[in-house]
There are 2 protein chains.
Amino acid sequence: MENQGQGLHARVLESLGPAITSGTYPPGSVLRTDELEERFDVSRTVIREAIRVLESMHLVVSRRRVGVTVRPTEEWNVYDPQVIRWRLAGADRPRQLRSLTVLRSAVEPVAAGLAARLATPEQCEELTRHALGMVSTSRGQQLGAYLVHDVAFHRVILRASGNEMFARLGDVVAEVLTGRTEHQVMFTDPDPAAVTLHVRVAEAVRERDAARAEALTREITAGAMAELDILAP
Amino acid sequence: MENQGQGLHARVLESLGPAITSGTYPPGSVLRTDELEERFDVSRTVIREAIRVLESMHLVVSRRRVGVTVRPTEEWNVYDPQVIRWRLAGADRPRQLRSLTVLRSAVEPVAAGLAARLATPEQCEELTRHALGMVSTSRGQQLGAYLVHDVAFHRVILRASGNEMFARLGDVVAEVLTGRTEHQVMFTDPDPAAVTLHVRVAEAVRERDAARAEALTREITAGAMAELDILAP
DNA sequence: CGGCCAATTAAGTATGACGTTTGAGTCACA
DNA sequence: TGTGACTCAAACGTCATACTTAATTGGCCG
């Protein structure tokens with residue numbers, strides 16, 4: 001969905017990263033550069049650059065005389081988009097989807113409240129447009145088109161919040177929504193109630209009603225959590 | 001507060017990173033590797049490794065025949081702890097503190113609610129201990145000791161939430177709290193009301209009262225926002 | 001048995017050579 | 001004069017190799 005292996009070091013990364021995040025090399029495992037050099041049939045330079053990147057993601061730590069050691073899971077930079085992609089592609093995808101959905105449930109309502117205050121007229125218009133797009137694609141097995149509008153809607157909300165930290169979660173939300181459509185049940189058309197909620201959020205933002213926008217978004221994320229059987233107090 | 005320049009590439013990073021995030025090299029600027037090589041008096045190997053790391057943070061993009069170009073701010077991996085540190089150390093520290101405080105206000109209450117359900121007895125005990133520690137250090141210019149308990153308290157909440165995404169925000173919160181003590185007013189002792197709120201959160205978690213823990217934490221973060229003059233609806 | 005020293009190992013750094021991409025300039029032709 | 005293809009060179013990308021540094025291991029000596 002984003003970059004792709006241009007350059008050998010990227011190719012190595014796209015092989016090593018998933019191998020680490022998926023547990024093929026569990027925490028504590030030790031890799032040696034010359035071994036990798038041989039395995040990927042590339043030069044030392046390339047391996048070292050890949051290792052440096054993995055190190056900056058806190059996936060590994062490189063120490064002299066010992067090798068490149070995989071770090072414990074708790075220390076990984078789990079907000080790194082690349083790490084998120086690797087983990088979503090791996091075995092603990094369900095677990096990862098839950099974590100991210102909980103994060104969404106915390107962030108998106110607050111973002112919607114802020115968006116209601118700060119959204120530009122253009123952003124309001126975009127929101128409305130995508131909400132209506134969701135309505136018009138919510139029936140008749142148009143899940144692909146529906147997803148496009150859904151993702152765009154949430155991206156606009158996050159961006160319109162005016163908070164860069166929220167805005168950067170757009171990719172994460174996109175992954176979660178895409179993952180849900182691809183992997184989850186979702187054989188059937190989207191829940192009409194959810195569609196309506198999006199329309200009403202767009203309305204609330206347009207009318208600068210922060211409290212309502214937040215509350216409605218909270219309903220949306222609550223629905224997303226329910227889909228994954230996450231705690232329902 | 002974390003790693004330090006062990007290795008030349010790390011030294012280069014600690015110089016280039018802040019230079020980019022602080023705007024010394026604004027987006028669109030172009031760096032050439034051989035120029036950097038000379039400026040830092042290190043080999044290509046070292047420069048290239050540093051560049052790879054900056055690239056993985058989405059701070060720069062390296063293209064043939066053109067050089068290493070600084071990317072637009074919106075594309076930076078603003079959740080990377082190292083990027084956060086660099087930006088907090090730079091000129092737009094106030095702006096960064098606001099962004100992060102808003103993020104806290106979204107995440108921490110939800111985390112506290114989850115902690116109330118999931119915290120282990122040990123974590124409950126830790127919470128209580130740090131809350132009491134805050135009480136006992138809240139008077140008489142013991143800001144340093146107070147800060148230690150404050151940071152520890154919020155770390156436990158985030159970790160006890162059982163959500164790895166939340167848990168990894170512990171460092172961010174620590175930076176924000178530390179930054180407030182160091183840079184903000186805070187000449188005077190901490191607000192007694194805030195101290196009391198922490199004690200009550202610990203209580204609520206201990207009593208498994210998720211709604212109360214969430215609401216009380218929302219009050220804490222609202223206070224933090226008020227300190228920074230962030231919107232007060 | 002314990003502490004100290006040296007040998008070994010694997011990462012870190014430096015350097016020279018070559019390959020590859022691609023922007024930019026040039027030149028010819030319409 | 002404008003447009004097209006063609007050439008050139010600048011900058012990164014990759015490789016191979018030699019050397020340096022740090023840390024672990026293990027043996028030697030007290």
Side-chain angles (χ1 to χ4, degrees), chain A residues 2-17 19-20 24-72 75-76 82, chain B residues 2-17 19-20 24-72 75-76 82:
Chain A
E2 198 171 331
N3 57 352
Q4 185 60 282
Q6 51 185 12
L8 289 188
H9 74 95
R11 268 181 26 73
V12 172
L13 258 182
E14 287 303 318
S15 174
L16 273 185
I20 292 172
T24 303
Y25 301 107
S29 308
V30 175
L31 310 171
R32 264 168 306 118
T33 53
D34 52 339
E35 169 203 331
L36 297 172
E37 213 174 312
E38 182 186 4
R39 254 192 45 206
F40 291 100
D41 191 40
V42 293
S43 73
R44 187 118 168 255
T45 317
V46 172
I47 295 295
R48 298 192 87 265
E49 286 173 14
I51 295 295
R52 280 288 99 76
V53 173
L54 292 174
E55 202 172 41
S56 89
M57 294 168 173
H58 281 64
L59 291 184
V60 304
V61 61
S62 175
R63 273 164 15 205
R64 277 178 157 134
R65 167 66 201 218
V66 63
V68 176
T69 312
V70 178
R71 299 179 78 158
E75 299 177 4
W76 296 353
Q82 207 152 9
Chain B
E2 199 171 329
N3 57 353
Q4 186 58 282
Q6 52 184 12
L8 289 188
H9 74 95
R11 269 182 24 74
V12 173
L13 258 182
E14 287 303 318
S15 173
L16 273 185
I20 292 172
T24 303
Y25 301 107
S29 308
V30 175
L31 310 171
R32 261 168 307 119
T33 53
D34 52 341
E35 169 204 332
L36 296 172
E37 213 175 307
E38 182 185 4
R39 256 193 42 207
F40 290 101
D41 191 41
V42 293
S43 70
R44 280 201 298 296
T45 318
V46 172
I47 295 295
R48 297 191 89 269
E49 285 173 15
I51 295 296
R52 280 289 99 75
V53 172
L54 292 174
E55 203 172 40
S56 89
M57 294 168 173
H58 283 62
L59 292 184
V60 303
V61 61
S62 175
R63 272 163 17 206
R64 277 176 159 133
R65 167 65 199 215
V66 63
V68 177
T69 312
V70 178
R71 299 178 76 157
E75 299 177 3
W76 296 353
Q82 206 151 11

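Atoms considered below: every heavy atom in the structure, side chains included; atoms not considered: hydrogens, waters and symmetry mates. Residue numbering restarts at 1 for every chain, and letters A, B, ... go by the order of the sequence lines.
The CG atom of A:Asp41 sits 13 Å away from the P atom of D:dT14 (whole-angstrom rounding). Taking atom CG of A:Leu36 as the reference point, atom C1' of C:dA10 lies 13 Å away to the nearest angstrom. Computed from coordinates, the A:Glu37 CD to C:dA10 P distance equals 13 Å when rounded to whole Å. Spacing between atom CG of A:Asp34 and atom P of D:dA16 amounts to 14 Å, rounded to whole angstrom units. For the pair B:Arg48 CZ and C:dA14 C1', the interatomic distance rounds to 14 Å; values are reported in whole Å. Atom P of nucleotide C:dG12 and atom CD1 of B:Ile47 are separated by 16 Å, given to the nearest angstrom. In this structure, the CD1 atom of B:Ile51 is 17 Å from the C1' atom of D:dT14, given to the nearest Å. Rounded to an integer number of Å, the gap from CD of A:Gln6 to C1' of D:dT14 is 15 Å.
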Please step through side-chain contact (heavy atoms from CB on, under 4.5 Å) for the pair A:Val53 and A:Met57, ending with a clear verdict.
CA-CA 6 Å; A:Val53 173; A:Met57 294 168 173; 3.8 Å; yes
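Partner A:Val30 forms a side chain to side chain contact (heavy atoms under 4.5 Å, CB included) with one of A:Val60, A:Thr69, A:Val68 and no other, that one being A:Thr69.
Residues A:Pro27 and A:Pro72 approach most closely at CB-CA, 3.8 Å, considering heavy atoms.
Counting non-hydrogen atoms under 4.0 angstrom, B:Arg63 reaches the backbone sugars and phosphates but no base. Nucleic acid contact for B:Leu31: sugar-phosphate only, since backbone atoms but no base atoms lie under 4.0 Å from a heavy atom of the residue.
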Listing time: all N or O pairs from protein to nucleotides 7-10 of chain D that are below 3.5 Å?
unit_1	atom_1	unit_2	atom_2	d
D:dA9	N3	B:Arg65	NH1	3.2
D:dA10	O4'	B:Arg65	NH1	3.1

Between the protein and nucleotides 4-6 of chain D, are there any N/O to N/O pairs under 3.5 Å, and if so, what are the atom names and distances?
none

I'd like a list of close polar pairs between nucleotides 15-19 of chain C and the protein, N/O only, cut-off under 3.5 Å.
unit_1	atom_1	unit_2	atom_2	d
C:dG16	N7	B:Arg44	NH2	2.7
C:dG16	O6	B:Arg44	NH2	2.9
C:dA17	N6	B:Arg44	NH2	3.4

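A:Glu38 contributes atom CD, which lies 11.0 Å from atom CD1 of A:Ile47 (distance to the nearest 0.5 angstrom). Taken to the nearest 0.5 Å, the CH2 atom of A:Trp76 stands 6.5 Å off from the CG atom of A:Leu59. The line from CG of B:Leu8 to OG1 of B:Thr45 is 10.0 Å long, rounded to the nearest 0.5 Å. Summarising the geometry, atom NE2 belonging to A:His9 is positioned 10.5 Å from atom CD belonging to A:Glu14; distances are rounded to the nearest 0.5 Å. To the nearest 0.5 Å, atoms CD (B:Gln82) and CG (B:Leu54) are separated by 9.0 Å. The structure places CZ of B:Arg52 at 13.0 Å from CZ of A:Arg52, a figure rounded to the nearest 0.5 Å.
A donor-acceptor contact shorter than 3.5 Å links the side chain of B:Glu55 to the backbone of B:Ser62.
Mapping A:Val66 and A:Val46 onto DNA chain D by nearest heavy atom places A:Val46 closer to the 5' end of the strand.
Closest contact between the side chain of A:Ser62 and the listed nucleotides C:dA11, D:dT14, C:dA14 involves C:dA11.
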